[in-house]
Novice: 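Here it is: the structure, laid out below.
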Amino acid sequence: MKEKELRLALVCYGGVSLAVYMHGVTKEVQKLLRASAMFHSEPDHARRQAVSYEDLNTDKTRETDTEPLYFELLQAIGQSLDLRVFVDTIAGASAGGINGVLLARAIAHDLPMDSHRKMWLEMADITALMDEEHMAGPWSKLFMKPFFWRFTDKWLTRYAPEFEMREKLQLFTRSRWFEPPFSGKLLTGMLLDACEAMGEPSSPEASLIPTGHRLDLIVSVTDFHGYSQYIPLHDPVSIKEREHRHALKYSYIHYPTGGIRSDFDMAHVPGLIFGARATSCFPGAFPPARIVEIDELMVEREQQWPARDAFIQSNFRPLVAAGVDPVSASFIDGSVLNNKPFAEAISSVRGRPAYREVDRRMVYIDPDPKGGNVERAGAPPGFFQSIIGAASDIPRNQPVRDELASLHELSERVRRYRQIVAAARPHVTRRVKALFGGATDAEGLTKDQLVEMRERANVAAAVEAGYSYDGYIQLKVASVLDQITDAVAEMSGAVHHPNERLALARTVEQWAGNEEIFPVEWTAIPGENSAPSKRDAWVRFLRDFDINFRIRRLRFVIRRLNELYERHSESDGAGIEALDEFKTALYGCLEEYQSIAASRMRMPELQRICRAIYDDGIAETHEIETLMTRLGPALKLIEIDTDADAVFAENAARLDPACRHELIEAYVGFAFFDVLTLPLNKWQNLDDVDTILVDRISPEDATALRQGGAQATLMGRELGYFAAFFSRKARENDYLWGRLHSVERLVDIVASAAPNAVKEAGLDLTQLKARLLRAVLEAEKPHLPHVEGLIFELKRDLNMRYRDDEAPPAGTQENPFRRTARKDEDTPE
């Protein structure tokens with residue numbers, strides 16, 4: 001069956017108390033991901049169509065409401081398309097940063113988020129967040145009470161319509177002035193409790209991230225004092241500026257070989273809550289966040305932070321290099337300089353491996369796209385309005401035009417790359433057939449024959465490319481030299497002055513010049529058997545060190561293999577099984593090139609050499625020579641090549657002749673494609689990147705239940721987005737709408753990734769949304785007593801439009817989402 005991945009990269013904006021809305025959204029995202037992971041936990045394709053979510057769910061203690069319906073959706077799509085949905089990148093700032101941290105931990109280890117509802121509804125209140133020493137007492141600022149209530153009818157009800165909100169607002173205004181009213185310690189403790197309440201994974205392998213894929217979390221923070229950094233110039237040689245932008249990065253990966261690396265387990269939780277605390281440190285509302293605050297909390301609770309040193313080393317190397325102690329540095333809200341961290345998310349998704357067809361989506365959560373109460377255009381701002389706008393409002397609401405334009409440009413480059421590869425394929429097919437007399441589909445292909453075919457194709461590609469091959473090979477060697485420079489800098493374990501990094505690159509290039517590796521000089525006599533001499537140093541250099549060429553080739557073959565699934569019908573089990581086995585074998589080869597080679601580069605001997613290069617801050621060519629003479633034999637790329645050729649030949653023999661011919665052609669003929677596309681890609685692996693589409697989850701886009709966007713649905717947008725901190729009803733309202741809006745948008749996103757499968761299954765998406773919305777309302781009703789009227793109203797509207805029949809059993813032929821409209825109305829309780 002044809003396979004497809006719907007990969008989501010989430011971007012979570014800042015929004016102060018609209019964090020409660022974002023929690024509703026992220027909770028629903030997790031439910032969709034869990035349904036997908038559960039669906040794919042059953043390896044047998046046929047049985048997937050007969051089981052239910054509950055049949056596969058081993059954790060019966062979790063709250064379950066919309067997951068079975070998402071499961072049924074994937075089942076219906078699965079009749080013609082095996083679609084897997086997962087999130088592999090989360091970038092968050094401020095309120096979005098908190099939600100991103102909690103969601104990432106839940107995704108990484110398949111942990112429940114049920115307890116977070118209580119945290120947001122009960123603890124996200126000013127009376128719970130305010131420092132007791134700062135909170136107003138009965139006699140504090142009594143003169144404020146008559147002043148405050150006297151003007152209630154004139155203007156306050158516009159911004160604080162509820163009595164609870166007005167009462168807490170006057171308490172807030174009578175509390176201690178000119179100091180942060182909210183307690184950083186209380187917030188940190190609340191976040192620690194939230195992470196601990198999620199518990200431990202059900203098993204070490206439990207995760208909503210497929211094996212072999214990586215989850216990245218990027219949280220933007222602002223370094224209040226900043227640190228000095230040097231920028232290289234011509235004259236002067238460099239200048240010094242202060243950098244305040246900072247990003248904390250966390251990751252999870254379950255390697256195909258079995259190992260797990262996680263920054264989301266209990267050992268790393270203190271580092272996670274520091275990121276959540278720092279990114280949400282709204283200026284003036286909370287005191288700046290410091291690592292020492294986490295240390296004190298760990299001591300107070302008699303808990304350990306075993307990953308403390310690793311967290312500091314991996315996230316604060318620039319500060320350490322600048323002579324700043326990260327433990328005592330002060331950090332404030334990430335939204336001050338980077339409220340919409342698109343650039344971080346885009347950077348993270350580049351270069352991701354594409355093992356099957358991928359539908360890549362950048363999904364951003366924007367609770368209030370129109371930006372609150374918009375003032376009349378052209379009206380001159382007042383004194384305080386100008387200050388607040390310049391310091392906070394304008395930076396937070398700055399459009400993301402540049403980031404989205406860059407994303408669009410990348411998608412266009414990927415699209416053109418695909419077109420060029422498709423256009424070149426017939427020519428490559430003819431050349432490969434001419435080289436081997438049409439014998440590339442030979443059933444008895446051996447490893448040695450495959451090696452010979454690859455080498456002949458490489459020679460032919462060089463000869464036929466003519467003088468353009470000169471530019472290709474210069475670029476190829478230069479890219480490997482750059483990779484070596486990056487590896488030396490990384491293995492040295494130091495943070496380098498830009499001029500030192502530039503000097504290292506120059507020294508590596510000088511060593512390559514001394515060895516007659518770069519610039520490449522070669523001549524080829526026209527003719528099919530003529531090519532650069534294999535005695536040339538640059539040929540040996542590429543054979544010993546060019547990992548990326550091997551990786552590009554395997555990914556190219558895997559992408560071609562994914563296209564071949566369409567040739568097999570559902571009944572052709574043997575053909576599909578052979579493709580599956582071949583793909584698994586190629587994944588293993590990729591893992592060997594990537595993980596094993598990377599681990600060999602971290603050998604202690606090599607790291608000692610790299611550290612010695614920087615002992616005096618000056619790299620010498622003889623030091624590079626010492627490293628290179630040991631690095632080549634350590635990588636053993638030629639040995640890995642031999643294993644990959646053997647795996648390819650063995651598995652190709654099990655395919656039908658047509659598929660075998662196509663894949664051998666892709667493997668052997670990749671040299672032709674690489675000569676054409678590497679200069680086009682500027683040595684960025686566009687074959688690893690898919691066209692990225694952008695989707696938004698917002699009240700403006702979810703209109704099934706209510707029109708009018710955020711203004712008609714959300715209460716937390718008032719009081720400068722602080723309103724939900726003053727009202728339990730506002731928090732319940734916004735949380736509920738977060739779930740309801742995300743239900744709509746997630747169905748839209750999944751359906752748009754599989755339009756043909758949705759059509760073939762005859763799915764009625766409107767009815768599906770109605771069932772999901774009803775499931776949310778029923779599940780949340782016991783927990784949201786302050787919005788009973790809203791739930792009653794929304795259920796009534798749903799019942800007026802759609803029947804509330806039970807879905808037929810999973811696996812039946814009847815479409816479970818097709819419902820007939822009804823005009824009568826159920827009587828709500």
Novice: Side-chain donor-acceptor pair under 3.5 Å between Glu241 and Ser228, yes or no?
Specialist: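 There is no such pair (donor and acceptor under 3.5 Å, judged by atom type) between the side chains of Glu241 and Ser228.
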Novice: Do you know the tightest heavy-atom contact between Ile90 and Gly100?
Specialist: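 Distance-wise, the nearest heavy atoms are CG2-CA, 3.7 Å.
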Novice: May I ask you to check whether over 12 heavy atoms, not counting those of Gln304, lie within 6.0 Å of atom CD?
Specialist: no
Novice: State, yes or no, whether a side-chain contact exists between Leu18 and Asp368 at a heavy-atom distance under 4.5 Å.
Specialist: yes
Novice: Taking the side chain as every heavy atom from C-beta outward, state whether Asn548 and Val480 have any pair of such atoms under 4.5 Å apart.
Specialist: no
Novice: Please check if the side chain of Ser207 supplies one atom and the backbone of Ala108 the other of a donor-acceptor pair under 3.5 Å.
Specialist: yes
Novice: Rounded at 0.5 Å granularity, tell me how far OG1 in Thr26 sits from CG in Asn99.
Specialist: 4.5 Å
Novice: Among residues at least two apart in sequence or on other chains, which ones pass salt bridge (charged side-chain N to carboxylate O under 4.0 Å, His left out) with Glu300?
Specialist: Lys185
Novice: Considering all heavy atoms of both residues, which atom of His116 and which atom of His23 are nearest to each other, and what is their separation?
Specialist: CB-CE1, 3.4 Å
Novice: Check whether any side-chain heavy atom of Ile218 sits under 4.5 Å from a side-chain heavy atom of Ser348, and report yes or no.
Specialist: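 In short, these two side chains touch, coming nearer than 4.5 Å.
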Novice: Can you tell me if Ser17 uses its side chain to pair, donor with acceptor, with the backbone of Ala724 under 3.5 Å?
Specialist: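 Flag set: sc Ser17 to bb Ala724 pair under 3.5 Å.
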Novice: Minimum heavy-atom separation for Val25 to Gly738, with atom names?
Specialist: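 Taking Val25 first and Gly738 second, the nearest heavy atoms are CG2-O, 3.5 Å.
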Novice: With heavy-atom distances below 4.5 Å as the criterion, would you say the side chains of Val320 and Pro326 are in contact?
Specialist: yes
Novice: Ignoring hydrogens and geometry, is there a side-chain-to-backbone donor-acceptor pair from Ser347 to Ala343 under 3.5 Å?
Specialist: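 Answer holds: no.
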Novice: Would you please test Ser280 and Asp333 for side-chain contact (heavy atoms from CB on, under 4.5 Å) and show each step?
Specialist: CA-CA 5 Å; Ser280 59; Asp333 199 321; 5.7 Å; no
Novice: Side chains of Val336 and Phe224, heavy atoms from C-beta outward: is any pair under 4.5 Å?
Specialist: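 Result no, sub-4.5 Å side-chain heavy-atom pair not found.
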Novice: Tell me, do Arg105 and Cys195 make a side-chain contact under 4.5 Å, heavy atoms counted?
Specialist: yes
Novice: Would a distance-only check, ignoring hydrogens and angles, find a side-chain to backbone donor-acceptor pair under 3.5 Å from Glu122 to Met119?
Specialist: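 Pair absent, no side-chain N/O of Glu122 close to backbone of Met119.
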Novice: Working to the nearest 0.5 angstrom, can you tell me the gap between Ile273 CD1 and Leu192 CG?
Specialist: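 Ile273 atom CD1 to Leu192 atom CG measures 4.5 Å (nearest 0.5 Å).
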Novice: Tell me whether Arg731 is salt-bridged to Asp125, with the criterion being a basic N under 4.0 Å from an acidic carboxylate O.
Specialist: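 So Arg731 pairs with Asp125 through a salt bridge.
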Novice: Under the side-chain contact (heavy atoms from CB on, under 4.5 Å) criterion, do Leu504 and Ile624 qualify, and how do the steps go?
Specialist: CA-CA 9 Å; Leu504 173 61; Ile624 301 300; 4.2 Å; yes
Novice: Could you tell me which non-hydrogen atom of Met362 sits nearest to which non-hydrogen atom of Ile346, and how far apart they are?
Specialist: CE-CG1, 3.7 Å
Novice: Donor-acceptor pairs under 3.5 Å, side chain of residues 284-291 to any protein atom, not counting sequence neighbours: which ones?
Specialist:
none

Novice: Is it true that the side chains of Lys340 and Tyr364 contain a donor and an acceptor less than 3.5 Å apart?
Specialist: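 No.
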Novice: Residues two or more places apart in sequence or in another chain: which of them pass ring-ring contact (aromatic ring centres under 6.0 Å, His included) with Trp305?
Specialist: Phe311
Novice: Go through the structure and list residues passing side-chain contact (heavy atoms from CB on, under 4.5 Å) with Ala197, not counting sequence neighbours.
Specialist: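 Expected list: Ser115.
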Novice: Are the side chain of Asp110 and the backbone N or O of Ala106 linked by a donor-acceptor pair below 3.5 Å?
Specialist: no
Novice: Thinking salt bridges, do Asp193 and Lys118 make one under a 4.0 Å N-O criterion?
Specialist: no
Novice: Sequence neighbours excluded, which residues qualify as salt bridge (charged side-chain N to carboxylate O under 4.0 Å, His left out) partners of Asp223?
Specialist: none
Novice: Ignoring hydrogens and angles, tell me if any N or O in the side chain of Gln30 forms a donor-acceptor pair with the backbone of Leu111 under 3.5 Å.
Specialist: yes
Novice: Flag the pair Arg630 / Met603 as yes when at least one side-chain heavy-atom distance between them is below 4.5 Å, and no otherwise.
Specialist: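 No, too far: nothing below the 4.5 Å cut-off.
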Novice: Between the side chains of Glu490 and Gln607, is a donor N or O closer than 3.5 angstrom to an acceptor N or O?
Specialist: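 No, Gln607 and Glu490 have no side-chain donor paired with an acceptor closer than 3.5 Å.
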Novice: Mark yes or no for whether Arg611, through its side chain, and Ser492, through its backbone, hold a donor-acceptor pair below 3.5 Å.
Specialist: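 Answer holds: no.
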Novice: Between Ile332 and Val221, is a side-chain contact (heavy atoms from CB on, under 4.5 Å) present by the stated rule, with each step listed?
Specialist: CA-CA 6 Å; Ile332 60 174; Val221 299; over 6 Å; no
Novice: Between Thr279 and Ala276 (side chain of the first, backbone of the second, donor and acceptor by atom type, cut-off under 3.5 Å), is there such a pair?
Specialist: no
Novice: Looking only at side chains, do Asp216 and Thr89 share a donor and an acceptor under 3.5 Å apart?
Specialist: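 Distance-only check fails for Asp216 and Thr89.
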Novice: Could you give me the CA-CA distance, side-chain angles and deciding distance for Ile697 and Asp366, then say whether side-chain contact (heavy atoms from CB on, under 4.5 Å) is met?
Specialist: CA-CA 6 Å; Ile697 297 178; Asp366 193 353; over 6 Å; no
Novice: List the atom pairs, with distances to 0.1 Å, where a side-chain N or O of residues 246-253 and a protein N or O form a donor-acceptor pair under 3.5 Å, not counting sequence neighbours.
Specialist:
| unit_1 | atom_1 | unit_2 | atom_2 | d |
| --- | --- | --- | --- | --- |
| His246 | NE2 | Asn315 | O | 2.8 |
| Tyr250 | OH | Gly271 | O | 2.9 |
| Ser251 | OG | Arg261 | NH1 | 3.0 |
| Ser251 | OG | Arg261 | NH2 | 3.3 |

Novice: Would a distance-only check, ignoring hydrogens and angles, find a side-chain to backbone donor-acceptor pair under 3.5 Å from Arg277 to Thr188?
Specialist: no
Novice: Within a 6.0 Å radius of atom CD on Glu625, are there more than 12 heavy atoms belonging to other residues, nucleotides or ligands?
Specialist: yes
Novice: Do Thr626 and Glu623 have side chains that get closer than 4.5 Å, going by heavy atoms?
Specialist: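 With C-beta onward as the side chain, the pair stays apart.
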Novice: For the aromatic rings, using the six-membered ring if either is Trp, is the centroid distance between Phe282 and Tyr721 under 6.0 Å?
Specialist: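 No, the ring of Phe282 stays outside the 6.0 Å limit from the ring of Tyr721, centre to centre.
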Novice: Compute the ring centroids of His213 and Phe86, then answer whether they are less than 6.0 Å apart.
Specialist: yes
Novice: Of all the heavy-atom pairs spanning Ala278 and Phe331, show the shortest one and how long it is.
Specialist: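 So the two residues come closest at CB-CB, 4.1 Å.
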Novice: Answer yes or no: is there a donor N or O on one side and an acceptor on the other, between the side chain of His254 and the main chain of Gly212, under 3.5 Å?
Specialist: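 No.
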Novice: Could you pull out the closest heavy-atom pair between His109 and Ser262, with the gap in Å?
Specialist: NE2-OG, 2.7 Å
Novice: Take the angle between the ring planes of Phe342 and Tyr13 and call it parallel below 30°, perpendicular above 60°, tilted in between.
Specialist: perpendicular
Novice: Should we count CZ of Arg245 as having more than 12 external heavy atoms under 6.0 Å?
Specialist: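 Not more than 12 within 6.0 Å, no.
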